[in-house]
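Have a look at the structure below before the remarks.
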2 protein chains.
Amino acid sequence: MAGIASDMIRGNTDTILLRFLCEKDSYGYEINKQILELTDGQYGLNEATLYTTFKRLEKNGYITSYWGDENSGARRRYYTVTEAGRAAYAENCREWLNARTLLERLIKDGTD
Amino acid sequence: MAGIASDMIRGNTDTILLRFLCEKDSYGYEINKQILELTDGQYGLNEATLYTTFKRLEKNGYITSYWGDENSGARRRYYTVTEAGRAAYAENCREWLNARTLLERLIKDGTD
DNA sequence: TTAGATACCTTGACAGGTAAGGTATCTAGG
DNA sequence: CCTAGATACCTTACCTGTCAAGGTATCTAA
């Protein structure tokens, strides 16, 4: 089986992370758990992908980060979406809708 | 601007080419023109992508190829989809529908 | 004290896509 | 005749995002 839908979701990981951060500040592990819940365990980000994506988003000015002040448990790095990040999220959503339309035309539907 | 939807379509190029070949034998240039028509010029495969994809499909046993016998104009390499190719197309379509559902949940809709 | 969960991070490799180059044939215009 | 443009195919070197595999550290429960 290997990577269910992984190559099809590529190019949307930024958008997915931004989506959750648009709702509230969060950290990697939590977001990934939410992704797993929303997809009934069908999809989750590889940790390496998760953290490189955060890095990329931060480098692009779409998010900022700070260390949480947990007094118990493992330390957490929280992320906050910026205004540029919200704009990028909206733009990515538009692009996704467009890509979806195009793919629907191109792929047709070969399911029986 | 650069690549509109290019990274979102990655992982679907095989499926797109198979779709056209499921309808009839065809060759690279023609398929790419059909893609451009269907998308109102919004999307077309890079030539390098086009031909490496054909190679991959042939290596995987999803298509076979033969030289057309044009008596005028540039030579054309035609491709034929195999039974395995049709099965792969159907399976890819199912995966696409699934990925689309997951993405719809994950991305929500941040368009205004 | 040990196992498991939480939580983060880095490295090296890989696959698919792309830019930029190339070849060859035919047609239309000057 | 020559040139420009369309048709049609191909290769190379590079870039990017993903992933497997490793690592660190803390807390909780058995």
Side-chain angles (χ1 to χ4, degrees), chain A residues 1-18 20 25-37 43-60 62-63 65-79 92 99 103, chain B residues 1-18 20 25-37 43-60 62-63 65-79 92 99 103:
Chain A
M1 180 60 43
I4 184 161
S6 72
D7 225 26
M8 293 183 180
I9 279 164
R10 176 198 261 249
N12 292 292
T13 48
D14 291 30
T15 316
I16 293 170
L17 294 191
L18 286 174
F20 287 102
D25 283 17
S26 189
Y27 57 98
Y29 218 76
E30 186 179 52
I31 291 181
N32 219 14
K33 271 193 295 180
Q34 290 181 284
I35 292 174
L36 281 162
E37 271 171 44
Y43 187 71
L45 284 172
N46 180 288
E47 283 197 21
T49 303
L50 185 65
Y51 294 112
T52 56
T53 304
F54 278 135
K55 279 247 175 76
R56 183 172 53 247
L57 290 173
E58 193 159 24
K59 202 188 73 187
N60 291 343
Y62 296 155
I63 59 175
S65 68
Y66 58 94
W67 285 103
D69 54 346
E70 277 64 53
N71 42 17
S72 87
R75 84 233 147 110
R76 299 169 178 165
R77 185 194 285 277
Y78 283 85
Y79 296 94
N92 289 355
L103 276 170
Chain B
M1 179 62 43
I4 183 159
S6 73
D7 226 26
M8 293 183 181
I9 279 164
R10 178 199 259 249
N12 292 293
T13 48
D14 290 31
T15 316
I16 294 170
L17 294 193
L18 286 174
F20 286 102
D25 284 17
S26 190
Y27 57 97
Y29 217 76
E30 186 180 51
I31 291 182
N32 219 15
K33 270 193 296 179
Q34 289 180 283
I35 292 174
L36 282 162
E37 270 172 44
Y43 187 69
L45 285 172
N46 180 288
E47 282 197 23
T49 303
L50 185 65
Y51 294 111
T52 55
T53 303
F54 279 134
K55 279 247 176 76
R56 183 170 55 246
L57 290 173
E58 193 158 24
K59 204 188 71 187
N60 292 342
Y62 296 155
I63 59 175
S65 68
Y66 59 95
W67 284 104
D69 54 347
E70 276 65 52
N71 44 17
S72 86
R75 84 233 149 111
R76 301 168 177 167
R77 185 195 284 278
Y78 283 85
Y79 296 94
N92 289 355
L103 276 169

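Atoms considered below: every heavy atom in the structure, side chains included; atoms not considered: hydrogens, waters and symmetry mates. Just so you know, these numbers come straight off a predicted model, no measurement behind them. Within every chain, numbering begins at 1; the chains are lettered A, B, ... in the order of the sequence lines, protein sequences first and strands thereafter.
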With a 4.5 Å limit on heavy-atom distance, are the side chains of B/Asn12 and A/Asp7 in contact? no
[X] vs [N]: side-chain N/O to OP1/OP2 distance below 4.0 Å:
| X | N | value |
| --- | --- | --- |
| B/Ser6 | C/dT18 | yes |
| A/Arg77 | C/dC9 | yes |
| B/Lys55 | D/dC10 | no |

With sugar-phosphate meaning primed atoms plus P, OP1 and OP2, does [X] contact a base, only sugar-phosphate, or nothing at under 4.0 Å between heavy atoms?
| X | value |
| --- | --- |
| B/Glu47 | base |
| A/Thr13 | sugar-phosphate |
| B/Arg10 | base |

Interatomic distance where [atom1] belongs to [X] and [atom2] belongs to [N] [whole Å]:
| X | N | atom1 | atom2 | result |
| --- | --- | --- | --- | --- |
| B/Lys33 | D/dC9 | NZ | C1' | 14 Å |
| A/Glu30 | C/dA5 | CD | P | 18 Å |
| A/Arg75 | D/dT24 | CZ | C1' | 8 Å |
| A/Gln34 | C/dT6 | CD | P | 14 Å |
| B/Leu50 | C/dG16 | CG | C1' | 14 Å |
| B/Asn32 | C/dT18 | CG | P | 11 Å |
| A/Ile9 | C/dG16 | CD1 | C1' | 17 Å |
| B/Arg76 | C/dC26 | CZ | C1' | 12 Å |

Quick one: which of [options] gets closest to the side chain of [X]?
| X | options | value |
| --- | --- | --- |
| B/Trp67 | D/dC9, D/dT18, D/dA20 | D/dC9 |
| A/Ala48 | C/dC8, C/dA20, C/dT11 | C/dT11 |
| A/Tyr51 | D/dC9, C/dA7, C/dT18 | C/dA7 |
| A/Ala74 | D/dC19, C/dG17, C/dA7 | C/dA7 |
| A/Arg56 | C/dC8, D/dT18, D/dT12 | D/dT18 |

Between A/Thr52 and B/Asn46, the residue closer to the 5' end of DNA chain C by nearest nucleotide is A/Thr52
Below 6.0 angstrom between ring centroids: does that apply to A/Tyr79 and A/Phe54?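 Ring centres of A/Phe54 and A/Tyr79 closer than 6.0 Å.
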What are the two closest heavy atoms between [X] and [Y], and how far apart are they?
| X | Y | value |
| --- | --- | --- |
| A/Met8 | B/Leu103 | O-CD1, 4.2 Å |
| A/Thr53 | A/Thr49 | OG1-O, 2.6 Å |
| B/Tyr29 | B/Tyr51 | N-OH, 4.3 Å |
| B/Arg75 | B/Trp67 | CG-CZ3, 3.1 Å |

Pick the nucleotide of DNA chain D nearest each of A/Thr49 and B/Tyr27; which residue has the one closer to the 5' end?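 On the 5' side of the pair lies B/Tyr27.
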